[in-house]
Structure formats: structure tokens, C-alpha cells
Amino acid sequence: MAQPVPTPTLLLPEFYRRTDVLQVARDLLGMVLVSEWDGRRTAGRITETEAYRAPDDRACHAYANRRTPRTEVMFQDGGRAYIYLCYGIHHLFNVVTAPAGQAHAVLIRALEPLEGLEYMAERRNILGTSPKEKIRLTTGPGALSQALGLHRACSGQSLLLPGKGFWIEDRGLQVPGQDIASGPRIGVDYAGECAAWPWRFWERDSLYVSKTPRLKSL
DNA sequence: CAAACGATCGGCT
DNA sequence: GCCGATCGTTTGC
């Protein structure tokens with residue numbers, strides 16, 4: 001595993017506003033997502049992502065460039081959060097990418113916890129500190145959003161203002177290309193052919209990656 | 001206005 | 001491995 005660098009640097013608009021959302025999804029692996037609410041700071045290293053891309057991707061909420069109040073933020077320029085409620089329970093955190101008009105986003109699916117584990121545990125209602133409980137803190141898109149206090153009320157908020165809610169830093173912990181695995185996205189079986197596209201990326205040897213889905217029966 | 005449906009999780013068998 | 005929880009969003013009548 002890579003060693004930290006002393007000076008964290010904030011990811012800039014040009015990182016997010018690239019037009020290749022698959023590349024952004026890979027490049028986000030190893031970056032550090034930070035949140036700070038009321039002086040309570042939590043941070044985790046990104047270990048798993050999924051790319052979503054309008055207009056051609058049926059699994060994307062903005063498929064065919066359909067605009068709704070919920071998905072409007074995806075059409076804005078990159079460097080914001082798109083957070084929505086899933087199954088009536090879970091808030092799922094996405095990074096909006098690409099220039100305005102292109103509705104691309106990267107779902108953050110798992111983190112390796114780095115800072116504020118006690119706040120994460122409290123928000124997640126996890127009592128112990130065993131290795132298994134540490135994994136449960138931030139593995140899975142709903143879990144990590146809960147651990148970092150990311151709520152759909154913050155959808156649309158900028159990621160470019162460090163110290164204001166949440167942002168993403170480069171601490172020199174990126175995942176080298178040969179350590180990145182890819183495969184189909186989770187939970188998008190309804191999306192026809194797009195369901196098979198290998199647009200999920202994860203750090204191959206990380207403990208902090210969500211379970212692979214059951215193989216679909218033939 | 002009604003109804004169907006999730007980019008999931010955790011508890012239980 | 002299976003199943004139920006739970007509710008905002010979207011679409012259709």
C-alpha cells in the first residue's frame with residue numbers, strides 16, 4: 001500500500017471536468033474523501049467506484065439526457081455532489097464529472113477509513129472496533145454515506161471548497177493501473193446490455209471493497 | 001392522484 | 001443465501 005504525502009492537495013475543477021468518466025472513475029481510486037460537519041472530521045480512501053454516463057447508458061439516471069428535478073445536478077459542470085435516496089433508506093454519493101451539459105457521474109461505492117472512525121461508528125451504530133467492524137464502517141455506497149454524514153439534502157453542493165462540508169484530496173495514495181480491477185456494475189440488471197459493461201472499478205487487493213454480486217443464473 | 005420501483009443493507013435461516 | 005424495510009421520484013391514468 002502506498003505511503004502518504006505530507007501535503008494533501010484539493011482536487012481541482014479540471015480533474016472533474018474531463019469528458020472520459022471511465023478515466024475519472026479509475027483516477028478517483030486512492031483519492032481521499034473528507035467530510036467535516038460541526039468540527040467532526042471523517043475521511044476515507046476511495047477503494048471502489050462505478051461510472052454512469054448519459055445519454056447512452058441505460059443504468060444512468062439521466063439516460064437519454066432525460067432531465068428531472070432530481071437529476072438536474074448531473075447536467076451541471078463537474079465538481080459537485082449528486083446524492084439521492086435509494087430504496088427509501090440509503091443516501092448514495094456520486095461525484096458529478098464532465099463539463100456542463102454532459103450528465104456523467106461516478107458513484108463512490110467503498111472507502112478505507114482513515115480519520116474520525118469514532119464518528120463513523122456512531123453514525124453507523126456500530127459498537128465494536130474489530131477488523132470486521134472497521135470494514136463495515138465504509139464498505140458499500142449506503143454505508144459510506146452514512147459514515148460520513150452525506151445526505152441528499154447536500155445534493156448539488158460543490159466539492160471545490162475545502163472545509164465546507166465535503167471535498168476530495170490527493171494524498172499520493174493513488175492506485176497504480178496494474179492494481180485496478182474492473183467488472184460489471186452492481187444492481188443494474190434492469191439496464192439491458194449496459195448491465196454487462198465493466199464500469200465498476202476497485203482496488204484489487206483492498207479489504208474495503210463491497211461484496212461481488214452473485215453470478216446471474218443462466 | 002395512484003402506484004411501481006429502485007446504483008442497498010442487515011438480520012435471519 | 002434469502003428476504004423485508006421504507007419512501008422519494010417518476011410515470012401513467
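Quick note: numbers below take in every heavy atom, side chains included, and nothing from hydrogens, waters or symmetry partners. In what follows, chains are A, B, ... by sequence order, proteins preceding strands, each numbered from 1.
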In dot-bracket notation, what is the pairing pattern of DNA chain C, taking Watson-Crick (N1-N3 plus N6-O4 or O6-N4) and G-U wobble (N1-O2 and O6-N3) contacts under 3.5 Å, with [ ] crossing and | for other strands?
|||||.||||||.

Sequence neighbours excluded and cut-off under 3.5 Å, please list the side-chain donor-acceptor pairs for residues 93-105 of chain A, or say none.
{"unit_1": "A:Asn94", "atom_1": "ND2", "unit_2": "A:Tyr82", "atom_2": "O", "d": "3.1"}
{"unit_1": "A:Asn94", "atom_1": "ND2", "unit_2": "A:Leu92", "atom_2": "O", "d": "3.4"}
{"unit_1": "A:His104", "atom_1": "NE2", "unit_2": "A:Ala54", "atom_2": "O", "d": "3.3"}

Distance alone, cut at 3.5 Å: any donor-acceptor contact between the side chains of [X] and [Y]?
{"X": "A:Tyr119", "Y": "A:Arg40", "value": "no"}
{"X": "A:Arg123", "Y": "A:Gln146", "value": "no"}
{"X": "A:Ser158", "Y": "A:Arg80", "value": "no"}
{"X": "A:Thr42", "Y": "A:Ser35", "value": "yes"}

Using a 6.0 Å distance limit plus a 45 degree cone around the ring axis, check whether A:Arg204 lies over the aromatic ring of A:Trp202.
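Output no; distance or angle outside limits.
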
Can you see whether A:Phe75 has A:Arg67 sitting over its ring - NZ or CZ less than 6.0 Å from the centre and within 45° of the normal?
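Judged by the rule, A:Arg67 and A:Phe75 form a cation-pi pair.
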
Would you classify A:Arg67 as touching base, sugar-phosphate or nothing, given that sugar-phosphate means primed atoms plus P, OP1 and OP2, and contacts are heavy atoms under 4.0 Å?
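Nothing, no heavy atom under 4.0 Å.
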
Does atom CZ of A:Arg58 have more than 12 heavy-atom neighbours, drawn from other residues, nucleotides or ligands, at distances under 6.0 Å?
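Count not over threshold, so no.
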
Please determine whether a side-chain nitrogen or oxygen atom of A:Arg66 lies at a distance below 4.0 Å from atom OP1 or OP2 of C:dT10.
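Answer no for this pair, as no side-chain N or O of A:Arg66 is under 4.0 Å from OP1 or OP2.
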
If the sugar-phosphate is the primed atoms plus P, OP1 and OP2 and the base is the rest, what is the B/S/- string for nucleotides 3-13 of chain B, using protein heavy atoms under 4.0 Å?
---BBBSS---

Can you measure A:Glu72 atom CD to C:dT9 atom P for me and round it to whole angstrom units?
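About 14 Å, once rounded to whole Å.
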
